[in-house]
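Only heavy atoms go into these numbers, but all of them, side chains included; no hydrogens, no water, no symmetry mates. Start at 1 and go down the list; that is how both ligands and their atoms are numbered.
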Amino acid sequence: MLTDEFGREVSGIRISLTDRCNFDCVYCHNEGLGDTRGPMAPQDEEMSADDVVRILEVVAEFGVDSVKFTGGEPMLREDLEEIIARTPDTMEVSLTTNGTFLPDRAEGLVEAGLERVNVSQDALDPSAFAEVTKSGAYDRVIEGVEAALEAGLDPVKLNMVVFEHTAGYVPEMVDHVADNDGLQLQLIEYMPELTGHPEWNIDIQRVHDWLAEQATAIEHREMHDRKRYWIGGGPSDDSSGMVEIVDPVENPTFCANCHRVRVTHEGYLKGCLNRNDDLRSMGEMTKAEIREAYREVVANRVPYYGEYLVQGENGEWEFNETYLEV
Ligand SMILES: Nc1nc2c(ncn2[C@@H]2O[C@H](COP(=O)(O)OP(=O)(O)OP(=O)(O)O)[C@@H](O)[C@H]2O)c(=O)[nH]1
Ligand code: SF4
Ligand code: SF4
């Protein structure tokens with residue numbers, strides 16, 4: 001496995017397969033690249049299945065052992081099943097989706113090799129859902145979650161972005177996952193710097209505090225140092241609910257435990273969600289060129305949040321060694 005200058009091994013890759021989406025969520029940041037285009041927008045910028053598989057085969061050589069397919073909405077790609085089936089066997093495969101196409105395709109995805117799924121679901125209330133996603137697909141998403149559970153995807157995580165429009169629905173969503181085996185909840189901090197509307201932000205610490213009061217057990221996940229709250233049980237009890245908080249904003253311990261690189265739908269490799277100044281185009285590259293580009297991007301990875309860097313007298317940025325002790 002390659003390790004960056006900050007001691008962070010790269011064990012995962014997130015690949016956006018398209019920037020198209022059939023939703024128009026008010027908070028969408030499209031993997032750090034801005035708004036998504038509509039589902040019928042032209043597709044000529046997207047990597048082919050061959051391009052994606054070539055990248056996966058190379059990073060697998062470096063010990064990368066998990067891949068997350070994202071979008072836009074990755075299920076708008078009709079070759080998603082093919083891509084998953086061609087993913088190297090050494091990699092755990094997961095998918096982040098808005099869920100609308102799961103009712104028809106969950107089973108086929110599992111047959112292709114999908115192991116787990118994250119489905120965006122910002123509220124159990126259809127009108128709040130419609131207001132946030134600008135879509136009337138609430139029932140489809142509920143069906144999609146059921147189809148994912150029935151197909152054996154484990155876990156099925158519900159992704160809820162917590163901001164002004166949704167914060168009031170958190171307790172109901174927590175009860176929902178606690179009452180339904182196989183479901184977990186990811187509460188995602190709103191990222192105003194990527195999405196605009198700073199006035200919609202809420203203090204995520206309030207959510208942590210509230211969950212700490214409800215929790216029967218709390219643990220830290222290694223990735224991103226994310227906190228997990230267990231409701232009505234604990235990690236070894238399958239029937240308890242798990243709520244994880246994804247809170248990257250201004251969070252140095254999140255970045256200190258960031259072990260993944262990203263690929264945009266056009267085939268640009270980048271070391272961080274929030275940076276676009278280190279892009280390497282990999283779509284048309286040979287495997288040897290991809291290896292080289294991958295080494296370079298990993299070598300240039302820099303944690304985004306936190307005072308990791310101190311500026312020396314010559315103006316160059318240097319790593320503040322004391323920081324990784326957190
Ligand atoms: N800043 C930052 N945000 C991230 C990162 N990974 C995920 N997120 C945020 O978390 C949200 C949920 O991401 P998902 O793809 O559903 O889940 P995940 O974070 O990969 O989590 P797992 O499926 O549990 O591995 C994304 O929309 C991002 O806003 C990251 O590396 N950096
Ligand atoms: S479902 Fe995801 S990709 Fe689509 S608009 Fe919403 S946040 Fe963006
Ligand atoms: S360095 Fe920080 S902001 Fe960048 S991808 Fe990793 S966790 Fe996200």
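Counting heavy atoms from C-beta on, the side chains of V161 and V132 never come closer than 4.5 Å.
Within the structure, ligand 3 has R8 among the residues with a heavy atom less than 4.0 angstrom away. The shortest heavy-atom distance from G72 to ligand 2 is under 4.0 Å. Residue L273 places a heavy atom less than 4.0 Å from ligand 1.
The ligand atoms of ligand 2 that sit less than 4.0 angstrom from a heavy atom of C21 are 1 (S), 3 (S), 4 (Fe), 5 (S). Heavy-atom proximity to F254, at under 4.0 Å, picks out these atoms of ligand 3: 7 (S). Listed by atom number, the atoms of ligand 2 under 4.0 Å from N98 heavy atoms are 1 (S). Close approach to C258 involves these atoms of ligand 3, each under 4.0 Å from a residue heavy atom: 5 (S), 6 (Fe), 7 (S). Close approach to C28 involves these atoms of ligand 2, each under 4.0 Å from a residue heavy atom: 3 (S), 5 (S), 7 (S), 8 (Fe). Residue M191 has at least one heavy-atom neighbour below 4.0 Å for each of these atoms of ligand 1: 1 (N), 29 (O). Under a 4.0 Å criterion applied to the non-hydrogen atoms of C272, ligand 3 contributes the atoms 1 (S), 3 (S), 4 (Fe), 5 (S). Counting atoms of ligand 2 from 1 in the listed order, those under 4.0 Å from a heavy atom of Y27 are 7 (S). If you number the atoms of ligand 3 from 1 as listed, the ones under 4.0 Å from a heavy atom of L273 come out as 4 (Fe), 5 (S).
Taking backbone and side-chain atoms together, C255 has an N/O/S atom less than 2.8 Å away from atom 2 (Fe) of ligand 3.
The number of heavy-atom neighbours closer than 6.0 Å to CZ of R206, taken from other residues, nucleotides and ligands shown, is 12 or below. A 6.0 Å sphere centred on CZ of F101 holds more than 12 heavy atoms belonging to other residues, nucleotides or ligands.
Expressed to the nearest 0.5 Å, how far CG of D19 lies from CD of E266 amounts to 7.0 Å.
Contact check on E57 versus R54 returns no salt bridge, with no Lys/Arg side-chain nitrogen under 4.0 Å from an Asp/Glu carboxylate oxygen. Salt-bridge formation is not detected for the pair K134/D24: no Lys NZ or Arg NE/NH1/NH2 atom is positioned less than 4.0 Å from an Asp or Glu carboxylate oxygen.
At a heavy-atom cutoff of 4.0 Å, ligand 1 is contacted by no atom of Y304, backbone or side chain. No part of M160 comes within 4.0 Å of ligand 1, judged by heavy-atom distances. Contact annotation for R226 and ligand 1: only side-chain heavy atoms (C-beta onward) come within less than 4.0 Å of the ligand. Within the 4.0 Å heavy-atom criterion, neither part of R14 lies near ligand 3. Only the side chain of R221 comes within 4.0 Å of ligand 1, counting heavy atoms alone; its backbone N, CA, C and O stay farther away. With a 4.0 Å heavy-atom cut-off, ligand 3 is reached by the side chain of H224 but not by its N, CA, C or O.
Between F23 and F129, the angle of the ring planes goes over 60°, which puts this pair in the perpendicular group of the 30/60° scheme. Between Y190 and W200, the ring planes are tilted. Angles from 30° to 60° get that label.
Under the 3.5 Å distance criterion, with hydrogens and angles disregarded, a donor-acceptor pair is assigned to the side chains of H208 and Y229. Side-chain polar atoms of N98 and T133 form no donor-acceptor pair below 3.5 angstrom.
The shortest contact between atom 5 (C) of ligand 1 and any protein heavy atom is with R262 NH2, 3.1 Å. Closest to atom 6 (Fe) of ligand 2, if we only count protein heavy atoms, is C25 SG, 2.3 Å. The nearest heavy-atom contact from the protein to atom 10 (O) of ligand 1 is V246 CG1, 3.5 Å. Among protein heavy atoms, atom 26 (C) of ligand 1 sits closest to R14 NH2, 4.3 Å. The protein heavy-atom contact nearest to atom 28 (C) of ligand 1 is H29 NE2, 3.8 Å.
In terms of heavy-atom proximity, E73 sits nearest to T97 at OE2-OG1, 2.9 Å. When every heavy atom of M1 is checked against every heavy atom of G63, the shortest pair comes out as CE-O, 3.2 Å.
The residue from D247, T96, V117 that puts a heavy atom closest to atom 14 (P) of ligand 1 is T96.
In terms of N/O distances under 3.5 Å, ligand 1 is not approached by E244. Of the N or O atoms in R116, one or more lie within a sub-3.5 Å distance of an N or O in ligand 1. The shortest N/O to N/O separation between N159 and ligand 1 falls below 3.5 Å. The shortest N or O to N or O distance between H224 and ligand 1 is below 3.5 Å.
Of the possible donor and acceptor atoms, none in the side chain of S94 sits under 3.5 Å from a partner among the backbone N and O of R116. Judged by distance alone, with hydrogens and angles left aside, the side-chain atoms of Q214 form a donor-acceptor pair with the main-chain N or O of W210 at under 3.5 Å.
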Practice item. Could you go through the side chain to side chain contact (heavy atoms under 4.5 Å, CB included) check for V10 and H259 one step at a time? Key: CA-CA 5 Å; V10 178; H259 301 288; 5.9 Å; no
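When the options I231, I245, V170, L158 are evaluated for a side-chain contact (heavy atoms from CB on, under 4.5 Å) with L185, the one that passes is L158.
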